[in-house]
Structure formats: C-alpha cells, structure tokens
Amino acid sequence: MLSMFVSTILSGVIAALRDRSVVLWTILGVLSGPIAVALLLCLPSRKALVPPTPVRTLASEIRELQELRERGLISNEEFEQGKARVMAWPIASAIRPALPSPRAMADSGWTWANYQPAARAAFINLAQRHHLDLQWPDDVPYEVVCTFPVQEGLSLAITLALEKGSVHCWGDGWTLDGATPGSPDVGLPAELVEGLDALIGGSGRLLVRTAYRDTSPFWTSLQVQRNGRWRTVRNQWDIPILPLWRRTIIENEPSRLKPQQ
C-alpha cells in the first residue's frame, strides 16, 4: 500500500511536469506502481524545447567592438571605452552588446567602481547612527573595507567589505557573503541594514551552526525580533558533512565592556 501511494503521487507530479494526462498516469501508478513511474520517466516530454540562449563571452564582445571600429561606426576612443567597460562588467549581467553610437557609449552601464562611494557612505552612516568608531584597513584584499572594532557599545568586532558590487560581512566565528545592493546608489541592502542595526542595538542576534570536528560554521543567520519571534533577514548556509552540529548565539553585549577611565 505504501508503494502504491508513493507511485500514485509520483506519477501525478511527473505527468503534470511532462504535460501528460495526469488522470491516466495516476491510475496507472495505482495499478502498476513503480513500473508506471519508470515508463513515464523514459517517455519524452510534450513541452516545446526552448533553444538555448547563446552565451556571450569577453572575446565575442571585444570582437564586435573591433568590427564596429573597422566599419567606421565608432572611433578608437569609443573602442577603448567600450573595451574597458566590457572588462570591468560581467558578461552574465544585462549589458548591451557592442554599443554602436557615442551617445550609447557615454550612457552605458556602470562599472564596479561606481559602487564604492555609496558603500563607503553607508558604512560611515552606520557608524554615526550608533556612535561607533570605525577603521579603514588597507591589508584586506577588497575594494572598500571598514571594521567596527570592539569598543564601548559594541562587544563584537564587525567587518564590512565591498567587492565587485557585493557586500561581505564577517566577524569572529561567522560570515555573511554576497549581499547585493542592486544599484550603485544603494550602499547596503535593506535587509542587511535592518539586521546590523538590530545586532548593534541589542535587539538582534547571529545564529551560528557548526558541525562537530569543524572550525568554520556551515550556517549563519542574522536575525531580528518581530512580533516576539526571531526572524531571519540574512543567512548563509551549506550542507554539513556530519549530521551533528553545535548551535551558538552571538549577541552584542555592551555591558561586558568596562567603561574607559
């Protein structure tokens, strides 16, 4: 009976995904069990196959720019500008291929450097809101890096860094990577700002899970309190090798710090 039940559910789901008769294959799943599931998986789908989208590469982008220059549609300066933009911006993003006119060249997409001013301003704004001192280390391999050291009002060190349009955040025993602002005008994503404000203000926390016999966590959640419950606003997770782990709560506890005389 368990085999019939599982086969019925699988037959119905697979038939729906493959655009087959759900009623027919559900009945066959009840009657023939795993055989119907195996046959259904072997049948080709009736859905139209969408041709794959050709992948653009750096070489194809630069080659199109060279062809435009050879045809006299763009100048040497416009070619160099377009080449620099292609090298600075990822091909996987939504950029126009080989922009043909000087006006389009001038109004083309941003490069990674455009994210730096807003990110730096957001880091400073976060420090000013909580009356914290920050440092700008130059030995960390990121574009813009700031550190909130342990100080009065902050019992844990927090580091924020910008790299290729993504904001990374880490501290002792935890890491949150790859938060994307979405626009160069936005220094920090809204959910990360909410979580950091709550963490520094004492109403948020970091939930860290670390597998046994491992030093780095596989799960980090930045949580805030909403309606009396903990809600995750930003997390980073992976699958642990061992199904056993320990749970750690990291909170800002300014009371542990002694005031400076």
Side-chain angles (χ1 to χ4, degrees), residues 114-211 214-238 245-261:
N114 294 100
Y115 286 83
Q116 297 183 15
R120 187 180 298 271
F123 298 166
I124 296 174
N125 188 23
L126 179 63
Q128 291 177 347
R129 286 200 308 271
H130 297 278
H131 307 286
L132 297 176
D133 296 329
L134 57 82
Q135 300 172 354
W136 303 95
D138 54 3
D139 56 346
V140 183
Y142 287 96
E143 298 172 11
V144 180
V145 185
C146 83
T147 299
F148 297 82
V150 176
Q151 56 191 288
E152 184 177 355
L154 187 65
S155 63
L156 70 159
I158 300 175
T159 300
L160 293 170
L162 173 72
E163 179 67 15
K164 295 290 186 293
S166 296
V167 178
H168 306 266
C169 183
W170 70 86
D172 186 12
W174 60 276
T175 302
L176 290 171
D177 283 333
T180 305
S183 171
D185 299 331
V186 181
L188 287 173
E191 68 276 4
L192 185 58
V193 173
E194 179 186 6
L196 291 176
D197 281 335
L199 178 63
I200 298 174
S203 59
R205 69 178 187 179
L206 287 161
L207 173 62
V208 179
R209 293 185 175 95
T210 307
D214 200 353
T215 56
S216 59
F218 70 91
W219 186 295
T220 302
S221 297
L222 181 58
Q223 299 181 331
V224 300
Q225 276 194 338
R226 294 176 184 168
N227 300 324
R229 299 184 61 183
W230 289 106
R231 305 291 184 180
T232 299
V233 295
R234 185 73 189 174
N235 63 359
Q236 177 177 316
W237 62 276
D238 200 352
W245 58 78
R246 58 183 181 273
R247 181 173 178 268
T248 306
I249 301 295
I250 300 177
E251 295 178 311
N252 182 27
E253 300 176 0
S255 60
R256 296 189 311 174
L257 301 176
K258 295 181 180 179
Q260 299 180 355
Q261 300 295 334

- [ ] With rounding to the nearest 0.5 Å, note down the distance linking CG in L207 to CH2 in W174.
- [x] 13.0 Å
Task: Short side-chain to backbone donor-acceptor contact, Q151 and P149, under 3.5 Å - done: yes
Task: Rounded distance [0.5 Å steps], CG in L206 versus CZ in R234 - done: 13.0 Å
Less than 3.5 Å apart, which donor and acceptor atoms pair up between the side chains of residues 187-204 and the rest of the protein, not counting sequence neighbours?
residue: E194; atom: OE1; partner: R226; partner atom: NH2; Å: 2.9
residue: E194; atom: OE2; partner: R226; partner atom: NE; Å: 3.3
residue: E194; atom: OE2; partner: R226; partner atom: NH2; Å: 2.8
residue: D197; atom: OD1; partner: R129; partner atom: NH2; Å: 2.9
residue: D197; atom: OD1; partner: H130; partner atom: NE2; Å: 2.7
residue: D197; atom: OD2; partner: R129; partner atom: NH2; Å: 3.2

Open item on the list: Testing the basics here: between N235 and S221, what is the closest heavy-atom pair and its distance to 0.1 Å?
Closed with: CB-OG, 3.6 Å
- [ ] Write down the atom of W245, the atom of A211, and the distance for their closest heavy-atom approach.
- [x] CB-CA, 3.7 Å
TODO: Measure the shortest side-chain to side-chain distance between T175 and T220 over non-hydrogen atoms and say whether it is less than 4.5 angstrom.
DONE: no
- [ ] Measure the shortest side-chain to side-chain distance between T159 and V140 over non-hydrogen atoms and say whether it is less than 4.5 angstrom.
- [x] no
Open item on the list: Could you tell me if the side chain of Q225 sits less than 4.5 Å from the side chain of W230, heavy atoms only?
Closed with: yes
- [ ] Would you check if V167 and Y142 make a side-chain contact, meaning some heavy-atom pair closer than 4.5 Å?
- [x] no
Task: Non-hydrogen atoms of V186 and P181 that approach each other most closely - done: O-CB, 3.0 Å
Task: Straight-line distance of R209 CZ to R246 CZ, nearest 0.5 Å - done: 13.5 Å
TODO: Evaluate side-chain contact (heavy atoms from CB on, under 4.5 Å) for W136 paired with I124, printing each intermediate quantity in order.
DONE: CA-CA 11 Å; W136 303 95; I124 296 174; 3.7 Å; yes
Task: Heavy-atom closest pair, residues V150 and S155 - done: CG2-O, 3.9 Å
TODO: Can you see which heavy atom on G178 is nearest to which on S166, and at what distance?
DONE: CA-CB, 4.1 Å
- [ ] To the nearest 0.5 Å, tell me how far D172 CG sits from I158 CD1.
- [x] 12.0 Å
Open item on the list: Tell me whether W237 at atom CH2 has more than 12 heavy atoms from other residues, nucleotides or ligands lying less than 6.0 Å away.
Closed with: no
Open item on the list: Restricting to non-hydrogen atoms, name the atom on Q236 and the atom on D177 that form the minimum distance, rounded to 0.1 Å.
Closed with: OE1-N, 2.6 Å
Task: Point-to-point distance, once rounded to the nearest 0.5 Å, from CG of D238 to CH2 of W219 - done: 10.5 Å
Task: Whether E143 side chain and E163 backbone form a donor-acceptor pair below 3.5 Å - done: no
Open item on the list: Side chains of F148 and L156, heavy atoms from C-beta outward: is any pair under 4.5 Å?
Closed with: no
Open item on the list: If I take atom CD from residue E251 and atom CZ from residue R205, how far apart are they, to the nearest 0.5 angstrom?
Closed with: 7.0 Å
